[in-house]
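I have placed the structure first, in the form of structure tokens, so that the comments after it can refer back to it.
Remember, it's a predicted structure, so these values are computed and weren't measured experimentally. Numbers restart at 1 for each chain; the letters A, B, ... are given by sequence-line order, proteins then strands.
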There are 2 protein chains.
Amino acid sequence: MTTVDHLRQVRLGNLRTVLLALVDRPGSRADLAARTGLTKATLSNLTEPLLANGILVEDPATGAGMGRPSKPLRFHPDGPVAVGAEVNVSHLAVEILGLDGETLRRHIVPADIRKSSADEVLDRVSDLIREHAGPRTLLGAGLAVPGVVHDGVLVRAPNLPNLVGVPLAQRLGERLGIEVELDNEANLAALAHLWPRHLAGEDFVHVSADVGIGAGVVLHGEVYRGTSGFAGELGHVVIEREGEPCTCGSRGCVERYAGLDVILREAGRRRLDSLQKALGAGDARAVGAVRQAGQALGVGLATLMNLFDVPTVVLGGSYAVLHEHLSEAILSEMDTRVLAGGERHTHLVPSPLGEFAVVRGAAGLVTRRAVHQPERLVG
Amino acid sequence: MTTVDHLRQVRLGNLRTVLLALVDRPGSRADLAARTGLTKATLSNLTEPLLANGILVEDPATGAGMGRPSKPLRFHPDGPVAVGAEVNVSHLAVEILGLDGETLRRHIVPADIRKSSADEVLDRVSDLIREHAGPRTLLGAGLAVPGVVHDGVLVRAPNLPNLVGVPLAQRLGERLGIEVELDNEANLAALAHLWPRHLAGEDFVHVSADVGIGAGVVLHGEVYRGTSGFAGELGHVVIEREGEPCTCGSRGCVERYAGLDVILREAGRRRLDSLQKALGAGDARAVGAVRQAGQALGVGLATLMNLFDVPTVVLGGSYAVLHEHLSEAILSEMDTRVLAGGERHTHLVPSPLGEFAVVRGAAGLVTRRAVHQPERLVG
DNA sequence: GGACTAAGTTCAAGCATTGAACGAATGAGG
DNA sequence: CCTCATTCGTTCAATGCTTGAACTTAGTCC
């Protein structure tokens, strides 16, 4: 740690606050100075290299009002972008995200990859990315998978056995020539609600169901992953100690009562859209199946709330689609089971992000890192 | 944020690393420089005001080896100290803790305060503190209570209704003329295993049972309290959705199966030491009661591990006493129910701190803050 | 056109750390 | 006893980033 390093840290920290302010919204140097608490002088100084490097652009002066007109700064429309990619049991998806938080392109393709080898899957993903990325500089890529991730490797994925143990981040990185970060789809769906826009506060849990049930936990504005990447495994929270046996070896896991497969089976439907239609028509069996799942999920969520104590639960994925028919049962269980005292209450909200939450989070992983560690942008 | 502030932050940060190194063990300026990565010059500079303020002392030179002998620095033996206090249903306790992590005095007195008013309790506590504190400067006090705390107020405490809603931190602070911080006993027992000595790593859960079951959760070297102070309410994790009704309004809470009162009742004993004796004698009813509690606790802990993913569980309080007869059942449930993958395994260890864990944590709250925010020590 | 206002730039001052040079205190060896 | 080697601790000029004030620029208002 030389003295230079210390001062550099201060500078990088200030650079970060400036970039964060710009992610929030564009602004002139004077405006940014006011918003960040830094001085105009520092802002001129900090933004100069960002403009030189093509990260930011200066818009033409806007003369609204008295005094010298300001020249707003914003992220350069042709600046570097981030890639998000998702590998799932039944589909692949990509999203291209700018540093300003705007989605440039996104795409989902159905794909049954259960029987594909890891290399086949990675080839398809990298083709998909190249197709959509275009000529712009890539900051890096985030890759979402349905399973537990540790150190860039998928260590547990009951539905994608062919990908387990493969260094997916490294392999995809080699194909694309950029850095790739691997993470769990539940964590990334949660991140998408935190970055680049705060859609659910700084502390919340995002719950979604596909094959399993996954919760992405956000504490103090950071995705919480646990020591081994297993955090937030809501699907295997026990609600009946002698209940239905689960594939995980336990019994009475939430997943056995509130998993999407269970809901569909109980409702006598094969696909989510068919279930949705039935619910719309007031089909009693469908409504009952969803309500029962809601009860089980509510018990699991009550346990989760008693342990994490976060103010908000976001329902994502299939749960977002079903939320109108789920919420009542969930809330009813939570009301009776979550410890109360003082004026505590839980918000239960559906995700506004739809089916692109996961890829958006994957891309957000990259833009977030770029803003939080701006040394890469100016170096 | 003036420029001075920025540089001051750097200085305070370095001061903190130096103090942390000194909490670990005493050392000369040269030794501390090597351990912290700072230069000898900086160390002379940083420690000068600490010596002047009587926070540190310079020991006489120790001439072991060649070269100029070093003069080790350590916390001044007559320097300021922290107070820890505990108010519980059946006892009061205090501990006086030095900045070096040494316990100077500690004391527990039996007391049935269930019917006492808040003022009566606070009077007794402040008398007890004054009796043990002696003439030394007090950095502040930590106050532990069995219940949920928010903003210095006890908001939920089924066993101490007279204290609920009272601004305990403020009231005790007025009596003693120092700053008092209020916290939950579970959090503080956990803190005692983190500070001033790392007894269980940087990520762990401390579980103990008295009247209820409380878990103190430590994530990334910080006690995690949640948004409203409700985090870690393991006692009200559900293990049987239609199980025994609980006072909290829910059903099938862990507390109904693994609480100390339940264990004693099932074992046909009135007090912990009597149960202990029965266990030692191999009393089948006692052994069975403890094993059953262990199973229930294991299910709850498995759920907790699937959500928090920490590598270590510390059994404290009564559970530490019973751990020999509890561990097997707990581990057996956890083995089958905690998601595994890769080389993940959980350590289950009894607390080494005995009945003083809570007060020690309460005092540690204060010394920890003093070291982490050293501006108070030099100002 | 002149007064006014606000944006952006320039520049000396301030400050914590650094690294090198220096002084201090001891052991080893002759 | 004296000198050298060794290590500890202090002194001091240099570094580099932010700051605040002064200054320049570019508009509006009357």
Side-chain angles (χ1 to χ4, degrees), chain A residues 1-18 21-22 26-52 56-74 374-375 378-379, chain B residues 1-19 21-22 26-52 56-74 374-375 378:
Chain A
M1 280 271 241
T2 78
T3 185
V4 184
D5 287 338
H6 281 277
L7 292 173
R8 180 76 105 229
Q9 288 310 313
V10 172
R11 186 181 173 84
L12 287 173
N14 288 337
L15 212 45
R16 184 172 64 224
T17 55
V18 170
L22 278 168
S28 67
R29 295 169 180 81
D31 174 44
L32 291 167
R35 278 155 60 193
T36 59
L38 298 167
T39 60
K40 287 185 298 174
T42 305
L43 252 115
S44 285
N45 186 331
L46 288 172
T47 51
E48 192 268 317
L50 293 172
L51 285 161
L56 301 181
V57 269
E58 195 174 62
D59 281 343
T62 61
M66 277 192 295
R68 174 176 170 176
S70 62
K71 290 178 286 185
L73 304 178
R74 60 188 169 94
E375 52 270 37
V378 293
Chain B
M1 281 267 242
T2 76
T3 185
V4 184
D5 287 338
H6 280 277
L7 291 174
R8 180 76 104 226
Q9 287 310 312
V10 173
R11 186 182 173 84
L12 288 174
N14 288 337
L15 213 44
R16 184 172 64 224
T17 56
V18 170
L19 290 168
L22 278 168
S28 67
R29 295 169 180 82
D31 175 44
L32 290 167
R35 279 155 58 193
T36 58
L38 298 167
T39 60
K40 288 185 298 174
T42 307
L43 252 116
S44 283
N45 186 330
L46 287 173
T47 51
E48 192 268 315
L50 293 173
L51 286 160
L56 301 182
V57 268
E58 196 173 59
D59 281 344
T62 61
M66 277 193 297
R68 174 174 168 176
S70 62
K71 291 179 285 187
L73 304 178
R74 60 188 169 92
E375 51 270 37
V378 293

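Legend: residues meeting side-chain contact (heavy atoms from CB on, under 4.5 Å) with Asn45(B), ordered by chain and number and at least two apart, are Arg11(B). Residues passing the side-chain hydrogen bond (donor to acceptor under 3.5 Å, both in side chains) test with Thr42(A), sequence neighbours excluded: Thr39(A).
Rounded to whole Å, the distance from CD on Glu48(A) to P on dG8(C) is 15 Å. Rounded to whole Å, the distance from CD on Gln9(A) to P on dC15(C) is 22 Å. Spacing between atom CG of Leu46(A) and atom P of dG8(C) amounts to 14 Å, rounded to whole angstrom units. The CZ atom of Arg11(A) sits 18 Å away from the P atom of dT15(D) (whole-angstrom rounding). Atom CG of Leu43(A) is separated from atom P of dT10(C) by 15 Å (rounded to the nearest Å). The separation between Leu73(A) atom CG and dA7(C) atom P is 13 Å, rounded to whole Å. The distance between atom CG of Leu38(A) and atom P of dG8(C), rounded to the nearest whole Å, is 15 Å.
Over its full length, the helix from dG1(C)-dC30(D) to dC22(C)-dG9(D) turns its helical axis through 0°, comparing axes from the five pairs at each end and rounding to 10°.
Closest non-hydrogen pair, Gly27(A) versus Asp31(A), comes out as CA-OD2, 3.4 Å. Smallest separation of non-hydrogen atoms from Ala21(B) and Thr36(B): CB-CG2, 4.0 Å. Closest approach of Leu22(A) to Arg35(A), counting heavy atoms only: N-NH2, 4.3 Å.
Proximity of Arg8(B) to the phosphate of dA16(C): a side-chain N or O atom is located under 4.0 Å from OP1 or OP2. Put simply, Asn14(B) has a side-chain N or O that comes within less than 4.0 Å of OP1 or OP2 on dT17(C). Distances shown here put a side-chain N or O of Ser44(A) below 4.0 Å from the OP1 or OP2 atom of dT9(C). Between Ser28(B) and dG9(D), a side-chain N or O to OP1/OP2 separation shorter than 4.0 Å is present.
Within the nucleic acid shown, Thr42(A) comes within 4.0 Å of at least one base atom, counting heavy atoms only.
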Show the atom names and distances, to 0.1 Å, of all donor-acceptor pairs under 3.5 Å that link a side chain in residues 58-70 of chain A to residues at least two apart or in another chain.
from, atom 1, to, atom 2, distance (Å)
Glu58(A), OE2, Arg29(A), NH1, 2.8
Glu58(A), OE2, Arg29(A), NH2, 2.8
Asp59(A), OD1, Arg74(A), NE, 2.9
Asp59(A), OD1, Arg74(A), NH2, 3.2
Asp59(A), OD2, Arg74(A), NE, 2.9

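Sorted by first then second residue, the salt bridge (Lys or Arg N to Asp or Glu O under 4.0 Å) pairs that include residues 38-47 of chain B, not counting sequence neighbours, number zero.
Taken to the nearest 0.5 Å, the OG1 atom of Thr17(A) stands 11.0 Å off from the CG atom of Leu12(A). Interatomic distance, Leu50(A) CG to Leu56(A) CG, rounded to the nearest 0.5 Å: 4.5 Å.
Mapping Arg29(B) and Lys40(A) onto DNA chain D by nearest heavy atom places Arg29(B) closer to the 5' end of the strand.
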Exercise for review: Check the pair Leu38(B) / Leu46(B) against side-chain contact (heavy atoms from CB on, under 4.5 Å), numbers first and verdict last.
Suggested key: CA-CA 10 Å; Leu38(B) 298 167; Leu46(B) 287 173; 4.1 Å; yes

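Distances from the side chain of Leu7(B) to the nucleotides dT18(D), dG9(D), dA16(C) place dA16(C) closest. Considering only side-chain atoms of Ala41(A), the nucleotide from dT19(D), dT17(C), dG8(C) that sits closest is dT19(D). Picking from dT19(D), dT18(D), dG9(D) the nucleotide with the shortest atom distance to the side chain of Thr39(A) gives dT19(D). Looking at the side chain of His6(B), the nearest of the listed nucleotides dT19(D), dA16(C), dT9(C) is dT19(D).
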Can you tabulate the close N/O pairs, meaning under 3.5 Å, that link protein atoms to atoms of nucleotides 26-30 of chain D?
from, atom 1, to, atom 2, distance (Å)
dA26(D), N3, Arg68(A), N, 3.4

